[in-house]
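I have placed the structure first, in the form of structure tokens, so that the comments after it can refer back to it.
Numbering of ligands and ligand atoms starts at 1, following listing order. Quick caveat, the model's predicted, so the values are computed rather than measured.
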Amino acid sequence: VIYADTALHITFAPLVLYNAWVKQLNLSMQGASMSSDVRVRFAPSPTGKLHIGGARTAIYNWAFARANGGTFILRIDDTDPTRSTDENTQIILRAMRWLGLDWDEGPEVGGEHGPYAQTERLDLYRAAAQKLWDEVRAYPCFCTPEKLAEDRAAAQARKDPFQGYQRTCRNIDPAEARARIDAGEPYVLRIKVPEDRGDVVIHDAVHGEVTFNARELDDFVIFRSDGTPTYNFATVVDDAMMGITHVIRGDDHLSNTPRQVMVYEALGAPVPTFAHISMILGADGKKLSKRHGATSVEEYRDQGYLSDAFVNYLALLGWSLDGETTIVPRDVLASKFSLDHVSKNPATFDPKKLDWIQAEYIRTMTDKEFADKIMVPELHEAGMIEGNLEYDEAWIDALAAIAKPRTKFPADVVTVASPIFATAETLEYDEKSVAKGLAKEGMGTILNEAEAALADVEWTPAAIDAALEPLPEKLDLKKRIVFQAVRVAICGNLVSPPLSDTMALIGREDC
Ligand code: GLU
């Protein structure tokens, strides 16, 4: 327990920041209108990796900012010290970069409203809490956990519909409270929900009007006895000071919203527009979790999903462009996203649809794009091409033309390309293919004839085709038998891409 004099003791520079904010807020609320620029934030807690649900929330915030010419802020909500780690923060930042969700303010990029990690903003929360305390909009509460449990049990016993905090300490005389604090008694700070507040009505951009009874809110804790702020308080101080205009987040936070509205009102800050987006369910109708397979963004990246395809798919989990379009490229999302096309119904995660979208992104790339974005990086990674020098552009294009239709995931490129990069010495022969197509009576003749037929031809797919074409008739063998033998001999398997294209890429010597 941290005692009174340290809990809310304010000494640091952020207090100056906080006071400046209050002053600015008062000025802007007095006369001139608040800036109408859209400012949104994604505020992950680094208690784990970035998951599908969080990624979708990030995408909606990013797209909403971009579509409205607004500002997208990334804030790290790391006030839970037991579960937040720097490593998770780094994982989240990496995932955001991979997703291509560039933020305008936040970690690594800075901004005027920083710092952008809650642990670095504690003095601002203290300043805000102190202000509410000074204005008697918040008060210290000395109830022990045992006392609170007793009160709850008593409320249950008398069937009181309200079983929250009984406002025991609300009317303690300030001088008495000060004396108890000075004597070292632990306390929390609670917000005073005004008696006459009436219903709290939220105009949610997704759910419409949602009404909460203010009496049910009780006077909740804004600062714990250890001197740390609660989520509902810290978040509102941040959102208010950062000038957030739209809070777009998961609907698991809808029930927190009336409490947060109480904090905005107590601070005298304008309440932003809320948009609570639905849950994501697995195929079985249960909330998406590990049981349904990969849930973190990293896992999808490592499996070879393209960032563009993945973002496109996640965007459709609860939002649609026009009710039917499935391929919504990033730039369309960034210009057309709107909250009124967000559904309040839960979305179902469908891996097949994700795969279909991935295939579409690959299919619609030009060979050149495919080579630049997928093939060459993949071949580099596999150590197949050290520099680009050895392979000229035409060769790369020709490889892309046969690899693209055979690629569902980037790693497929390596499978397609490995016979092509193999030399006569390193080529691996697939046993089954050899048994089926090559290790048979008379196959040597086919290979000798093929070698002779190819001896002087120009090394292009067309010339290779033309040279091999007459062989079946000449040898009086089925076409399939002849081509299988040549294919297995040169590629090591029966499933390689079109033979003459592959041979042209392998080169005359190695063939
Ligand atoms: N850190 C909170 C979370 O990850 C943010 C909630 C909010 O957006 O207000 O759930």
Side-chain angles (χ1 to χ4, degrees), residues 38-65 70-86 88-93 95-96 99 101 103 105-107 113 115-122 124-125 128 202 204-207 210 212 220 222 228-264 267 269-280 287-289 295-297 314 318 339 342:
V38 162
R39 289 176 60 83
V40 290
R41 82 319 191 258
F42 173 55
S45 300
T47 53
K49 295 176 174 171
L50 184 59
H51 283 200
I52 286 173
R56 184 198 50 174
T57 301
I59 291 167
Y60 285 10
N61 276 286
W62 173 85
F64 186 74
T71 304
F72 175 51
I73 297 157
L74 178 62
R75 185 178 74 223
I76 302 299
D77 278 5
D78 53 357
T79 36
D80 180 349
T82 53
R83 299 196 303 138
S84 299
T85 68
D86 285 344
N88 285 332
T89 299
Q90 291 311 318
I91 290 173
I92 291 169
L93 297 186
M96 291 287 289
L99 291 166
L101 306 178
W103 55 98
E105 292 178 25
H113 298 74
Y116 293 94
Q118 289 194 323
T119 43
E120 291 167 34
R121 300 176 61 82
L122 282 174
L124 292 168
Y125 310 137
I202 317 262
D204 191 276
V206 175
H207 291 266
V210 190
F212 297 85
F220 56 93
I222 58 173
T228 60
T230 56
Y231 156 72
N232 280 322
F233 186 66
T235 289
V236 172
V237 172
D238 288 344
D239 288 344
M241 290 186 73
M242 292 179 179
I244 300 301
T245 57
H246 296 73
V247 171
I248 306 170
R249 61 183 170 198
D251 65 9
D252 48 334
H253 286 294
L254 185 56
S255 59
N256 287 320
T257 307
R259 288 194 174 81
Q260 296 186 6
V261 169
M262 292 301 99
V263 180
Y264 283 105
L267 291 172
V271 179
T273 299
F274 291 98
H276 286 94
I277 50 184
S278 65
M279 277 200 300
I280 302 176
K287 190 171 188 272
L288 198 66
S289 73
T295 50
S296 73
V297 170
L314 291 193
L339 290 173
V342 174

**Message:** Would you compute the distance between atom CZ of R259 and atom OG1 of T235 and round it to the nearest 0.5 angstrom?
**Reply:** 13.5 Å
**Prompt:** For ligand 1, which atoms, with element, lie under 4.0 Å from some heavy atom of D77?
**Reply:**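 Per the distance check, 1 (N), 2 (C), 5 (C).
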**Asked** Under 4.0 Å from any heavy atom of R249, which atoms of ligand 1 are there?
**Response** 7 (C), 8 (O), 9 (O)
**Prompt:** Should A43 be counted as touching ligand 1, given the test is an N or O pair under 3.5 Å?
**Reply:**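 N/O-N/O distance below 3.5 Å exists for this pair.
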Indicate whether any N or O donor in one side chain lies under 3.5 Å from an N or O acceptor in the other, for [X] and [Y].
X: R249; Y: T257; result: yes
X: Y116; Y: D238; result: no
X: Y231; Y: H253; result: yes
X: Q260; Y: N232; result: yes

**Asked** When you measure from atom 10 (O) of ligand 1 to each heavy atom in Q260, H253, R41, which option holds the nearest one?
**Response**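 Heavy atom nearest to atom 10 (O) of ligand 1 belongs to H253.
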**Request:** Using a 4.0 Å heavy-atom cut-off, say whether Y231 meets ligand 1 through its side chain, its backbone, both or neither.
**Result:**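 For Y231, the contact with ligand 1 is made by the side chain alone.
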